[in-house]
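Just below is one structure, and these are the notes that go with it.
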Amino acid sequence: MKEYNFREIEQKWHQNWVANKTYKVSEDESRKKFYVLNMFPYPSGAGLHVGHPLGYIASDIYARFKRLQGFNVLNPMGYDAYGLPAEQYAIQTGQHPEVTTFANIDRYRQQLDKIGFCFDWDREVRTCAPGYYHWTQWAFQKMFNSFFCVKCQKAQPIEQLVKWFEEHGSADLNVACSEELTFTADEWNSWDDKKKSDVLMNYRIAFMGETMVNWCAGLGTVLANDEVVDGVSVRGGFPVEQKKMRQWCLRVSAYAQRLLDGLDTIDWSDSIKETQKNWIGRSEGTEVQIKVADQDFDFTIFTTRADTMFGVTFFVLAPESELVDKVTTADQRGAVDEYIKYVKGRTERERMIDHTVTGVFSGAYGVNPITGDKCPIYISEYVLAGYGTGAIMAVPAHDSRDYAFAKHFNLPIIPLIEGADVSEESYDAKEGIVMNSPVEGKTAFDGFCLNGLTIKEAIKATKKFVTEHNLGRVKVNYRLRDAIFSRQRYWGEPFPVYYKNGIPTMIPEECLPIELPQVEDFKPTETGEPPLGNAKVWAWDEQNKKVVDKSLVDEKTVFPIELYTMPGFAGSSAYYLRYMDPNNSEALISEKAATYWQNVDLYVGGSEHATGHLIYSRFWNKFLFDLGISKKEEPFQKLVNQGMIQGRSNFVYRIKDTNTFVSLGLKDQYDVTPIHVDVNIVKNDVLDTEAFKAWRPEYATAEFVLEDGKYVCGWAIEKMSKSMYNVVNPDMIVENYGADTLRLYEMFLGPVEQSKPWDTNGIDGCFRFLKKFWALYWDKEGNLQVDNSEPSADSMKTLHKLIKKVTADIEVFSYNTSIPAFMVATSELAQQKARSRQVLEPLAVLIAPFAPHIAEELWEALGHDTSVCDAQWPELDEKYLVESSVKLAVQFSGKVRFTMEFPADATSEQMIAQVMEAEESQKYLEGKQVVKTIAVPGRIVNIVVK
RNA sequence: GCGGGUGUGGUGGAAUUGGUAGACACGCCAGACUUAGGAUCUGGUGCAGCGAUGCGUGUAGGUUCGAGUCCUAUCACCCGUACCA
């Protein structure tokens, strides 16, 4: 028999694909487009492990399938090349991050090439390439030159706003801003450039703002919220503290409503949608003005429970609120200052873990506008400065946090809901009938009364009342915060910004990109400037329009350039657009490419990006959509989150204080320490003892206590990592079994979206299958045994069953069930001795998405001179699936008793009659009474007897 | 606390969506071929029992002729989030 020589086959077809540019795509108006995309990888130094290609394989199968169905498929790949590891390596070794990054990219490419993906490599992007980040810088400038109009829910050119200011000042403004400013046209016109620039920053979509940032001293930079977990940095695990800094920010919050609404239009999993909804955190509530008693100012609180205004017994301000200083009375000043000092000394982490009640009385009182009651104003860290107005009204009876605070400071608690017992804890539920509003005997402003209403009605009534009496207004708040857009790093996109007499000014669009300068040292400067402070050639010559030496700065025509760089998500937010037209030097993408490719139809990647990349990308795309660049409001129509591949670690058990290792089954008889052992010297949990001795010098003299002549290792499921010695490299699998087997096995392992452990043990099954599949086509002498004979009905049925199953499975990403279908079909066809071209040719096409190399080889052997990629996906013909008879389970009172054959088109009545007459039935019917008969044609027959 | 998800053999996982639970594969057992097997092929393999048969989808109820699937309660684990007023 002709052997299945995967090495030869795979090498041959890899070369063939490269030579013929089989996977090159271009816009083709005659065919429908389909855009498949994977989240591009950060090329880390460790290379790919067996978990990385999972999503690539899944989407590659889909891409190939769509191509076979006649779509013009875009399936690109690139690299998210900016990142911390390369920079930290650079700091340690002095090696330029570009050098290590490029070396890693080459390694990735080599590994990827072995797996047989249908990527169009001519479209590769690298975020660190000037030709790429040109457009990152460009988009930033566009955001700088835009503001967000709330009324039309759209980005608009900043000139429009300037014009408005010149004519109307801030009157009737309804735009997204950092804080509400009030000024007249005359005031605006009288301001100098610096002041105007400062005011405009309040409205730009990319703006500079004083904000509390997550400062990570260990990394020497600020981090985005999603880069911090449990108060420490995701990368490196360094502590993170809150710090006020002047930073570039993106006004993502302006798009909160659109980001929320858009979720209803896309085909993503409920869990990711839910995560994004929570992250955006829309909440409808009421803002109420609170007058400070005996002082001449008021403040605003935000509440979603306007119905509880009669139960307010105190107010609370966030410690960071600027109101604190204003309200604090002279005799409480000392106590307040001490408290603020205490709060500042607490790290983010401490505040998150420790929820004990702390706070201090400010000395001032706020007036409840509805009851006229004076309530004390406290300051406490349980109120957050960054949400709402940084001030709340406290209703201890119906909010557990207020309740804890009231108990601690002995403040009154007024229950407002009928039947609610608040003696032990607050009643937070939003269900019940309102009472005590107002408390009997007391009067409220304008006779306002809520008693007897449900909570929902009461909220509505209060909103109406507050608005009508000008006490406050209805307000929607979002938890989503603006994204901090600067990093104090070297290895990132430089900002195309220079400082002209302190005014941030954009480098002209036609001068982009401005390239990352060379530096001597990748660390921050001695004066604490970011690493770009080390760059010599880093000043902007306005007249000559070029980057010049820093020593030439004269503040007249030559100015310093921004020292910050952009964060990781800058380059990854619009890369899917760039793939459409990756080499365009005139525009991010041409109108033609954008119109043809529209957006990503299928996006595959990890769910860990739910609140980072997938929010930023949607935001970025919406902005570009407003500009007319992107043609779809949502960038990723369907999202599939592939699960993580975990490692399966192996252990050996060393008897304490010896160099003797005992096999798993016997370890309980000794005092042993489990030790991780490299999974590559273990097969089916049996240790290769010689390889173990050679693994490390200290084990060279190891002795073993065997069971049944073998050393059996223990195992555990852990994260795949070097330190656990459980990393399985795809190259090794490809070397031993071939790429087609690897592809098949990765899909066979389980549902794509599920996390699952890697276990190389099972791979033999897939390898055997491919050998059997191969053997369908070749006889013992190694000749193609496919002929033009008429196929048997059985073979056609097998084939069409498979077409049906596989076609349906691919559409829903259920590859793990189509591979068993192939296995079953293969053994059926082998048994049927199927030789007909009518069966075996479509079969080769069916397997092409999964195992492209073997499919190409067979396709060629069948006499085709074009790639199997250009074949046609076999069409299902249901007529082959029609059964003449069906074998059904016969049940008596729901219990299956025997099976029986029925004509396929038998009616319920016929089936029941047939069962009643059957010989086997008699013993179940004897002496019993038939209560009921159920028969579903093609499904089941059930006779209920008593 | 809140939100989302998952519980099926020794293992990974199937189940036409309410109709013969355990497809397929690994592992294991037996056999064949072999100097050999960590190669290949054949058969067996949910549990208990010699057997007929009984019991079986985290647990306890319910709906139904019939439940892994639907409903109620409960437990366990995983993921996300964290004082959001």
Side-chain angles (χ1 to χ4, degrees), chain A residues 229-230 269-279 281-283 285-286 301-305 308 316 318 351-355 357 380-384 386-395 398-402 404-405 428 477-481 607-608 610-611 641 643-644 648 683-686 688 710 715 717 744-745 748-751 753-766 768-769 771 804-805 808 814 816-824 827 887-899 931-936 938-945:
Chain A
V229 170
D230 293 338
S269 75
D270 288 343
S271 71
I272 294 271
K273 281 190 186 179
E274 204 56 43
T275 305
Q276 291 217 340
K277 269 183 201 162
N278 293 341
W279 193 258
R282 180 193 156 100
S283 85
T286 316
I301 57 97
F302 175 77
T303 180
T304 53
R305 290 294 300 275
T308 59
V316 189
R351 251 176 110 160
M352 246 154 60
I353 296 167
D354 173 24
H355 282 185
V357 177
S380 172
E381 58 178 337
Y382 87 87
V383 173
L384 305 175
Y387 183 76
T389 60
I392 62 152
M393 63 177 209
V395 185
H398 303 295
D399 182 288
S400 53
R401 296 152 302 176
D402 298 345
F405 195 86
D428 292 15
N477 260 333
Y478 299 92
R479 205 187 77 114
L480 185 70
R481 301 207 206 145
S607 57
E608 67 272 21
T611 53
N641 295 115
M644 287 245 284
R648 188 178 187 279
K683 175 133 187 184
N684 290 346
D685 290 337
V686 175
D688 180 338
K710 292 182 295 195
W715 59 272
I717 303 303
L744 240 36
Y745 186 56
F748 181 73
L749 220 45
E753 294 175 86
Q754 194 175 302
S755 286
K756 57 225 164 231
W758 178 265
D759 183 356
T760 307
N761 289 345
I763 200 165
D764 287 326
C766 287
R768 265 180 222 137
F769 156 68
K771 283 195 276 193
K804 187 175 183 176
K805 173 77 178 148
S814 183
N816 59 317
T817 57
S818 15
I819 290 157
F822 272 111
M823 292 176 176
V824 172
S827 55
K887 214 175 193 180
L888 292 187
V890 175
Q891 306 177 348
F892 284 90
S893 297
K895 278 228 183 307
V896 176
R897 294 301 174 180
F898 55 89
T899 58
V931 180
K932 197 172 180 180
T933 56
I934 298 111
V936 184
R939 289 281 179 91
I940 200 87
V941 184
N942 187 10
I943 313 288
V944 184
V945 293

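Order of the sequence lines fixes the chain letters, A, B, ..., with proteins taken first and strands second; residue numbering starts at 1 for each chain. Worth saying up front: this structure is predicted, and the values here are computed from it rather than measured.
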Complement of B/A32, any strand, by Watson-Crick or G-U distances under 3.5 angstrom: B/U40

Angle class for the A/Phe405/A/Tyr382 ring planes (parallel below 30°, perpendicular above 60°, tilted otherwise)? tilted

Taking all non-hydrogen atoms of both residues into account, name the closest pair between A/Ala889 and A/Val896 and its distance. CB-CG1, 3.9 Å

With the side chain defined as heavy atoms from C-beta on, A/Ile940 is closest, among B/C24, B/G13, B/G19, to B/G19

At 4.0 Å (heavy atoms only), tell me whether A/Glu608 reaches a base, stays on the sugar-phosphate, or touches nothing. nothing

Pairwise C1' distance for B/G31 and B/G37, with rounding to whole Å: 16 Å

For the pair made of CZ in A/Phe892 and C1' in B/U20, what is the distance, rounded to whole Å? 15 Å

Using every non-hydrogen atom in the two residues, find where A/Ser893 and A/Asn942 come nearest and quote the distance to one decimal. N-OD1, 3.4 Å

Look at all strands and tell whether A/Leu749 reaches a base, only sugar-phosphate, or nothing, counting heavy atoms closer than 4.0 Å. sugar-phosphate

Counting only side-chain N and O atoms of A/Ser283, is one of them less than 4.0 Å from OP1 or OP2 of B/A85? yes

Considering only the C1' atoms, how many Å lie between B/U69 and B/U17, rounded to the nearest integer? 7 Å

Nucleotide B/G80, atom P - distance to CD of A/Glu753 in whole Å: 17 Å

Sort out the partner of B/G68 for me: Watson-Crick or G-U wobble, both distances under 3.5 Å, none otherwise. none

Between C1' on B/A85 and CZ on A/Phe302, what's the gap in Å once rounded to a whole number? 8 Å

Between B/C71 and B/U53, how far apart are the C1' atoms? Round to whole Å, please. 33 Å

Counting only heavy atoms not in A/Lys273 (residues, nucleotides, ligands), do more than 12 fall under 6.0 Å from its NZ? yes

If only side-chain N and O atoms of A/Lys932 are considered, is one of them under 4.0 Å from the OP1 or OP2 phosphate oxygen of B/C65? yes

Atom-to-atom span, CG of A/Asp354 to C1' of B/C83 - whole angstrom: 11 Å

Selection from B/C24, B/A14, B/G54 that lies nearest to any side-chain heavy atom of A/Arg897: B/G54

Side-chain atoms of A/Trp279 come closest, of B/G80, B/C83, B/A82, to B/A82

Mind checking whether A/Phe302 and A/Tyr387 have parallel, tilted or perpendicular rings, split at 30° and 60°? perpendicular

I'd like to know if A/Gln891 reaches the base of B/G19 with its side chain such that a donor and an acceptor end up less than 3.5 angstrom apart. yes

Rounded to the Å, how far apart are A/Asn641 CG and B/C78 C1'? 15 Å

Correct closest heavy-atom pair for A/Leu888 and A/Ile940 would be CD1-N, 3.9 Å

I want to check one thing: is the phosphate of B/C26, taken as OP1 and OP2, less than 4.0 Å away from some side-chain N or O of A/Arg768? yes

Both distances under 3.5 Å, Watson-Crick or G-U wobble: report the partner of B/G80, or none. B/C2

Pick base, sugar-phosphate or nothing for A/Val383, based on heavy-atom distances below 4.0 Å to the nucleic acid. base

Taking for each residue the nucleotide of RNA chain B bearing the nearest heavy atom, is the 5' side occupied by A/Asn761 or by A/Thr817? A/Thr817

B/C47 to B/G61 separation - C1' atoms, rounded to the nearest Å: 25 Å

B/C24, B/A85, B/G3: which one has an atom nearest the side-chain heavy atoms of A/Asn278? B/G3

Taking all non-hydrogen atoms of both residues into account, name the closest pair between A/Pro820 and A/Phe748 and its distance. CG-CE1, 3.8 Å

For A/Arg305 and A/Asp428 the tightest heavy-atom approach is NH1-O, 3.6 Å

Judged by whether its glycosidic angle lies within 90° of 0, B/U17 is syn

Between P on B/C2 and CZ on A/Arg282, what's the gap in Å once rounded to a whole number? 24 Å

Quantified in whole Å, what is the P atom distance between nucleotide B/G51 and nucleotide B/U45? 13 Å

When rounded to the nearest Å, what value does the distance between C1' atoms of B/G12 and B/U6 take? 15 Å

P atom, B/G19 versus B/A67: distance in rounded Å? 11 Å

Taken to the nearest whole Å, NZ/A/Lys771 to C1'/B/U40 is 8 Å

Earlier contact from the 5' end, RNA chain B, for A/Ser893 and A/Asp688: A/Asp688

With both distances under 3.5 angstrom, what nucleotide forms a Watson-Crick or G-U wobble pair with B/G51? none

Quantified in whole Å, what is the P atom distance between nucleotide B/U72 and nucleotide B/G5? 14 Å

Is the glycosidic angle of B/G43 within 90° of 0, making it syn, or outside that range, making it anti? anti

Phosphate OP1/OP2 of B/A85 contacted by A/Tyr387 side-chain N/O (<4.0 Å): yes

If you check every side-chain atom of A/Arg479, which of B/U81, B/C83, B/C24 has the closest atom? B/U81

Classify the nucleic acid contact of A/Pro751 as base, sugar-phosphate or nothing, counting any heavy atom under 4.0 Å across all strands shown. sugar-phosphate

Looking only at heavy atoms, the pair that brings A/Pro751 and A/Lys756 closest together is O-NZ, 2.7 Å

Rounded to whole Å, CG of A/Asn816 lies from P of B/G12 at a distance of 14 Å

Output the single nucleotide from B/A25, B/A15, B/C65 whose closest atom is nearest the side chain of A/Asn942. B/C65

Any side-chain N or O of A/Lys805 below 4.0 angstrom from OP1/OP2 of B/U16? no

In the strands shown, is B/U45 matched to any nucleotide by a Watson-Crick or G-U wobble pair with both distances under 3.5 Å, and which? B/G27

Closest to the A/Val936 side chain, choosing from B/A23, B/A82, B/G19: B/G19

Candidates B/U20, B/C65, B/C83 - which lies nearest the side chain of A/Val944: B/C65

Out of B/G4, B/G38, B/C24, minimum distance to the side chain of A/Ser271 belongs to B/G4

Proximity to the side chain of A/Arg939 - top-ranked nucleotide from B/G13, B/U17, B/A23: B/U17

